[in-house]
Amino acid sequence: MCDSNAAAARRDCPAENPHLELLDCCGGLNNVDYSKMDLTLMEDLLRHINFYDSSFCVAVIAIVFNPLFWNMVARWEHRTRGLSRLFGSPYVACYCLGFVIILLNVYRSHSITVAMKTQARWELMERTDVFYTGIALMVMGTLLVVISFLVLGFTGTFLGDYFGILMDEKVTGFPFNLIENPMYWGSTANYLGLALVGASPAGFLLTLVVAVAYKVAIIFEGPFTEQIYQERSLRFKHK
């Protein structure tokens, strides 16, 4: 028999206390004393970043603008076919938009590089292992981007679906069988590697902005692209 003492009963006889509330590790996140967390490392990193520097602000604007621009233009094209009519062909229109996107991405990379060079380096990141980790990330990111482009082709990479240039089936081979949206995350890995190689806290933070911008773009692009292919399937069924 269990001890009649209430505390002992709660401790030794859980089966007799069906309403006993079980706590998560550390008693739940609400019971964690955040005031005792050591934020010295984060504070030191942020001290090396000048948020009011013009080059840093330009880089943030370029990062946020790019996916916003191509999603707005591509959706407008899908709704109105305005670019296809203007250029006389959906293929020509897609190639022109793709060329503009490439230029914007080149400028984004340039603005991030300029922001990194104009801001302070962090001595803590100036280590051989950090440097070579950055190199490895850049190699991996470049491979993901290049292989994804070769698999998708130009129109598959640059929103050809929105122009009515649809692929026969969903791409499931490498690297899409390893990670969703490998081109986006490969690009993010490139920027992270560049930040590590340059021992740049500003570059690290800008990479985080890139990741968030891509994540938001994926949230909007994924369901819309699926809708485009669902519409095609419905058209085929009605034929």
Side-chain angles (χ1 to χ4, degrees), residues 49-51 53-77 83 86-87 89-119 121 131 134-163 165 175-176 179-218 220-221 225:
I49 303 174
N50 180 6
F51 293 94
D53 177 58
S54 60
S55 61
F56 182 86
C57 296
V58 168
V60 171
I61 292 171
I63 292 168
V64 174
F65 174 79
N66 284 15
L68 178 65
F69 167 80
W70 70 59
N71 271 286
M72 290 180 62
V73 173
R75 289 198 180 206
W76 174 76
E77 161 64 19
L83 289 178
L86 177 64
F87 291 100
S89 165
Y91 285 91
V92 176
C94 181
Y95 272 88
C96 288
L97 177 60
F99 182 68
V100 172
I101 292 173
I102 290 173
L103 291 179
L104 288 172
N105 286 342
V106 169
Y107 179 75
R108 177 186 62 188
S109 297
H110 170 73
S111 65
I112 290 175
T113 303
V114 170
M116 287 174 53
K117 288 182 177 179
T118 57
Q119 298 225 16
R121 295 168 65 92
F131 178 86
I135 294 294
L137 283 170
M138 292 174 71
V139 171
M140 181 187 69
T142 300
L143 286 175
L144 286 174
V145 171
V146 171
I147 296 174
S148 298
F149 178 80
L150 293 176
V151 171
L152 293 174
F154 193 94
T155 57
T157 299
F158 294 105
L159 305 167
D161 318 67
Y162 293 72
F163 291 80
I165 309 169
F176 294 87
I179 184 174
E180 290 285 339
N181 305 286
M183 187 166 286
Y184 281 169
W185 300 126
S187 178
T188 304
N190 273 332
Y191 290 124
L192 178 56
L194 188 63
L196 295 179
V197 168
S200 173
F204 184 83
L205 184 58
L206 289 172
T207 300
L208 180 60
V209 178
V210 169
V212 172
Y214 276 152
K215 184 62 177 179
V216 172
I218 290 168
F220 282 94
E221 290 174 10
T225 302

Q: More than 12 foreign heavy atoms under 6.0 Å from CZ of F220: is that the case here?
A: no
Q: Name the residue from Y191, Y214, F176 that meets the ring-ring contact (aromatic ring centres under 6.0 Å, His included) definition with Y184.
A: Y214
Q: Please determine whether side chain to side chain contact (heavy atoms under 4.5 Å, CB included) holds for the pair I112 and I63, giving the CA-CA distance in whole Å, both sets of side-chain angles, and the decisive distance to 0.1 Å.
A: CA-CA 9 Å; I112 290 175; I63 292 168; 3.9 Å; yes
Q: Should L194 and T207 be marked as a side chain to side chain contact (heavy atoms under 4.5 Å, CB included) after you check the CA-CA gap, both sets of side-chain angles, and the distance that decides it?
A: CA-CA 9 Å; L194 188 63; T207 300; over 6 Å; no
Q: Decide side chain to side chain contact (heavy atoms under 4.5 Å, CB included) for L196 and F131; before the verdict, give the C-alpha distance in whole Å, the side-chain angles of both, and the deciding distance to 0.1 Å.
A: CA-CA 6 Å; L196 295 179; F131 178 86; over 6 Å; no
Q: Any idea which heavy atoms bring G141 and A189 closest together, and the distance?
A: CA-CB, 4.0 Å
Q: With respect to W70, which candidate in L68, V73, N66 satisfies the side-chain contact (heavy atoms from CB on, under 4.5 Å) definition?
A: N66
Q: Does the side chain of F163 reach to within under 4.5 Å of the side chain of V92, using non-hydrogen atoms?
A: no
Q: Yes or no on side chain to side chain contact (heavy atoms under 4.5 Å, CB included) for F56 and N50, after CA distance, side-chain angles and deciding distance?
A: CA-CA 8 Å; F56 182 86; N50 180 6; over 6 Å; no
Q: Ignoring hydrogens, what is the shortest heavy-atom contact between P201 and I49? Give both atom names and the distance.
A: O-CD1, 3.6 Å
Q: Within a strict 4.5 Å, meaning less than it, do heavy atoms of the L97 and Y162 side chains meet?
A: no
Q: Would you list the atom pairs, donor with acceptor, under 3.5 Å between side chains in residues 147-161 and any protein atom, with sequence neighbours excluded?
A:
| unit_1 | atom_1 | unit_2 | atom_2 | d |
| --- | --- | --- | --- | --- |
| S148 | OG | L144 | O | 2.6 |
| T157 | OG1 | G153 | O | 2.7 |
| D161 | OD2 | Y229 | OH | 2.6 |

Q: Is there a side-chain contact between C96 and L83 in this structure, where contact means two heavy atoms from C-beta onward sitting under 4.5 Å apart?
A: no
Q: Is the shortest side-chain heavy-atom distance between L208 and L205 below 4.5 Å?
A: yes
